[in-house]
Structures are given as C-alpha cells and as structure tokens.
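Beneath this line is the structure, given in structure tokens, with notes to follow.
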Amino acid sequence: MLSYRHAFHAGNHADVLKHLVETMLLDYLNQKDKPWWYIDTHSGAGFYSLEEGFASKKAEYREGIARLWHANDLPAALARYVNLIKSFNPDGQLRFYPGSPMVAERLMRDEDRVRLFELHPADFELLEDNVCHLRKMAIVQKADGFAGLKAFLPPPPRRALVLIDPPYEVKEDYHTVEKTLKDALTRFATGTYAVWYPCLQRHDSQQLPEKLKQLPIDSWLHVALHVQHPSADGFGMHGSGMFVINPPWTLHAALQEIMPVLVEYLAIDSGADFVLEHVSR
C-alpha cells in the first residue's frame, strides 16, 4: 500500500518527539571527530510547506511544533531542536517543517553520509529534489527500506544512526520492524537504531515496545508521549513512541527533564502523560 503521505502530519506532536530524539542522537555522534552515517528506511519527501498542500489541510503542526515556537523556558536539548526547526524558517514565521532527512542534513558534517529510502513515487521525486544539493554525500533509493537496509550494514565508519519510521498502514509493518532489527543486529550490533511507532488502541501497537525489549540487546531506551486520552471509539492516534537501541548514556537524563515539559506544552486533554524507561546492562 502506498496511500500514506507524511505531509498530512508534518510538524505534529509525533514529529516533535521523533525529531527531538533524532537531533539528540546526532548531536551525540557529533561529539567525536569520527564520521557517521544516517540511514532512513522511510524518508518521506524530506521537507514540507505548512502553508499549502497536504500539510495545510489538517494543520496538525498547530498542536505540535507551533506550540513550542515562542516558548522561551525550554530545557536546553528541547530548545536546540526548536532552534533547528527555526533555521529552516529564517524570517521567524513557521512556514516550513523539515522531515527526518533534512534534520540529519542540517547536523551532518563534510565527512558524514546519508542513505535514504522512499518507496512512494511522488515523495521519492520530492525527496530527490530536496537533497540534490548533498551530491556525493547522499544516496537516495526508490526502494523498500526494510529490505534495502541490509546492503548498508555495517557502514564503513562503524558509527551510524538508523531511523526506522514506517507508516504502519498495514499491520505487517509491526512484525517487519522486529524482523528487520533482528537481521540488522547480526550485521551491525553496535549501531544506534531508533524506531518510531504510533500509540493506538490496537494490540500490535501496544506490544511493539515489549517485543523490541526481547531482542538480543544490552542497552535500550523507550520513550512515549501521549497527548490525550484514547478516543472512545477506539480510533486515532493518541500519542507516539520512540524505541532506541544502543542509546547514548546521556539520553535518559535529558529526557527526564524534557518529557514533563512536552506534556505541558502539547497536551490536548487531561490524558496527556509520558513513558520513559531504559535498561543498560
């Protein structure tokens, strides 16, 4: 199925959590001079206008990044993320929102590389246009990122962030995430893997973090942001989560400070809360 277009959701609460964590992970990799790779299995178009097209129809960014736009009391890592988004809006007005590939592009150095997958034909063309300035620093493939990932593991520098962010428009995606990670860990056990998932009232969504905890890994972090009570009819996304394998040791403490602030700013109703747990053996 290729009906999903991320532009409808650009800049919403799920993007805030996902790109906050992505920024924190890449900032950590940048603390060393050694190069890294960023591999994105489901890249989308890479960059979105919030004033026209799909993003303007639902305007979900108004309950996401827009609520943080004028905040001046944010924890340092959260302020860092908001300022990164502002760098794509130099006139100070919230008009554009970067997808995960463009967040990585803004943080990468000359020696770093990006590897991007996108299967939707329209989004693939947009993605190619949006990253064409990277030239030899990026490889963009019109392919299934689940299947294509194995060709890039292990990456030559042995340092990488792999973002796995499927649309979950078919329930098989949940199983495929688990299967893909099992294979990836046999090829590149020391890599950092970040899995985004939606918080839904369905068994597959609720069980995904628990299944990922059972992978052969020594270190993981799970963070979820719920912005409202689950709907009475059982439909719709009431939050989202990130499961990080081999996270930086600094990530948990930073999120302990950030998550209560995100709940305060992004809450839609009294059901807003967060989950934060980690294991390091």
Side-chain angles (χ1 to χ4, degrees), residues 1-6 8-10 12-22 25 39-44 60 99-100 116-120 123 143-153 161-189 191-231 233-247 271 273-279:
M1 295 178 67
L2 291 174
S3 59
Y4 179 84
R5 302 297 296 277
H6 186 72
F8 282 109
H9 314 291
N12 70 357
H13 59 83
D15 267 359
V16 169
L17 179 64
K18 175 171 59 180
H19 295 141
L20 165 68
V21 172
E22 178 187 356
L25 294 174
I39 306 173
D40 195 327
T41 63
H42 298 78
S43 297
E60 292 186 11
S100 303
L116 309 174
F117 296 94
E118 178 51 48
L119 195 55
H120 194 289
D123 276 353
D144 174 10
F146 285 135
L149 174 61
K150 62 182 64 177
F152 291 126
L153 299 180
L161 168 61
V162 179
L163 179 65
I164 300 177
D165 176 26
Y168 300 98
E169 61 179 342
V170 293
K171 66 179 183 179
E172 287 78 10
D173 280 352
Y174 294 95
H175 174 68
T176 306
V177 165
E178 184 182 2
K179 180 180 177 182
T180 298
L181 280 169
K182 286 180 179 179
D183 178 80
L185 287 166
T186 65
R187 300 169 186 271
F188 184 41
T192 298
Y193 299 85
V195 178
W196 177 88
Y197 72 95
C199 293
L200 306 168
Q201 293 188 80
R202 56 181 298 172
H203 182 75
D204 302 298
S205 171
Q206 295 170 357
Q207 288 300 306
L208 181 61
E210 300 307 314
K211 290 183 177 181
L212 297 184
K213 293 175 188 177
Q214 304 307 312
L215 292 171
I217 51 179
D218 293 328
S219 178
W220 57 262
L221 179 145
H222 174 224
V223 59
L225 172 67
H226 307 136
V227 297
Q228 60 186 346
H229 286 292
S231 62
D233 60 12
F235 293 99
M237 185 174 72
H238 58 274
S240 68
M242 293 286 287
F243 192 94
V244 183
I245 296 172
N246 298 324
D273 63 12
F274 71 93
V275 174
L276 180 60
E277 51 187 352
H278 76 128
V279 164

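Side-chain atoms are counted along with the backbone in the values below, which use heavy atoms only and exclude waters and symmetry mates.
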When you compare the side chain of [Y] with that of [X], does any pair of heavy atoms fall below 4.5 Å?
X	Y	answer
Tyr193	Leu181	yes
His13	Gln228	no
Leu153	Ile39	yes
Phe188	Phe152	no

Taking all non-hydrogen atoms of both residues into account, name the closest pair between [X] and [Y] and its distance.
X	Y	value
Glu118	His120	OE2-N, 3.0 Å
Gln214	Glu210	CG-O, 3.4 Å
Tyr168	Pro198	CD1-CD, 3.4 Å
Leu163	Ser100	CD2-OG, 3.4 Å
Ala224	Tyr197	CB-OH, 4.0 Å
Leu200	Ser205	N-OG, 3.2 Å

Can you give me every donor-acceptor pair (side chain of residues 234-247, partner residue at least two apart or in another chain, under 3.5 Å) with its distance?
{"from": "His238", "atom 1": "ND1", "to": "Cys199", "atom 2": "O", "distance (Å)": "3.2"}
{"from": "Ser240", "atom 1": "OG", "to": "Trp196", "atom 2": "NE1", "distance (Å)": "3.3"}
{"from": "Asn246", "atom 1": "ND2", "to": "Ala189", "atom 2": "O", "distance (Å)": "2.9"}
{"from": "Asn246", "atom 1": "ND2", "to": "Gly191", "atom 2": "O", "distance (Å)": "2.6"}

Worksheet item: Partners of His278 by ring-ring contact (aromatic ring centres under 6.0 Å, His included), sequence neighbours excluded?
Response: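 Only His252 meet the ring-ring contact (aromatic ring centres under 6.0 Å, His included) criterion with His278.
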
Item to complete: Name all residues meeting the salt bridge (charged side-chain N to carboxylate O under 4.0 Å, His left out) criterion together with Asp165; count only those two or more places apart in sequence or in a different chain, and write none if there are none.
Response: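 Result, salt bridge (charged side-chain N to carboxylate O under 4.0 Å, His left out) vs Asp165: Lys18.
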
Worksheet entry | With sequence neighbours excluded, residues passing salt bridge (charged side-chain N to carboxylate O under 4.0 Å, His left out) with Glu172 |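 With sequence neighbours excluded, Glu172 shows a salt bridge (charged side-chain N to carboxylate O under 4.0 Å, His left out) to no residue whatsoever.
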
Discussion item. Return the CG to CG distance between Leu276 and Leu225, rounded to the nearest 0.5 Å.
Written reply: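 Rounded to the nearest 0.5 Å, the CG-CG separation comes to 11.5 Å.
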
Discussion item. With rounding to the nearest 0.5 angstrom, report the NE2 to CZ distance, His226 to Phe274.
Written reply: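 Answer rounded to 0.5 Å: 11.0 Å.
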
Item to complete: Would you list the pairs meeting side-chain hydrogen bond (donor to acceptor under 3.5 Å, both in side chains) in which at least one residue belongs to residues 175-186, sequence neighbours left out?
Response: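 Pairs touching residues 175-186 that pass the test: Asp183-Arg187.
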
Item to complete: Applying side chain to side chain contact (heavy atoms under 4.5 Å, CB included), name anything that partners Asp204, two or more places apart in sequence or on another chain.
Response: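 Expected list: Lys171, Tyr174, Arg202.
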
Discussion item. Between Thr41 (side chain only) and Phe146 (backbone N and O only), is there a donor and an acceptor less than 3.5 Å apart?
Written reply: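 Not confirmed, Thr41 side chain does not pair with Phe146 backbone.
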
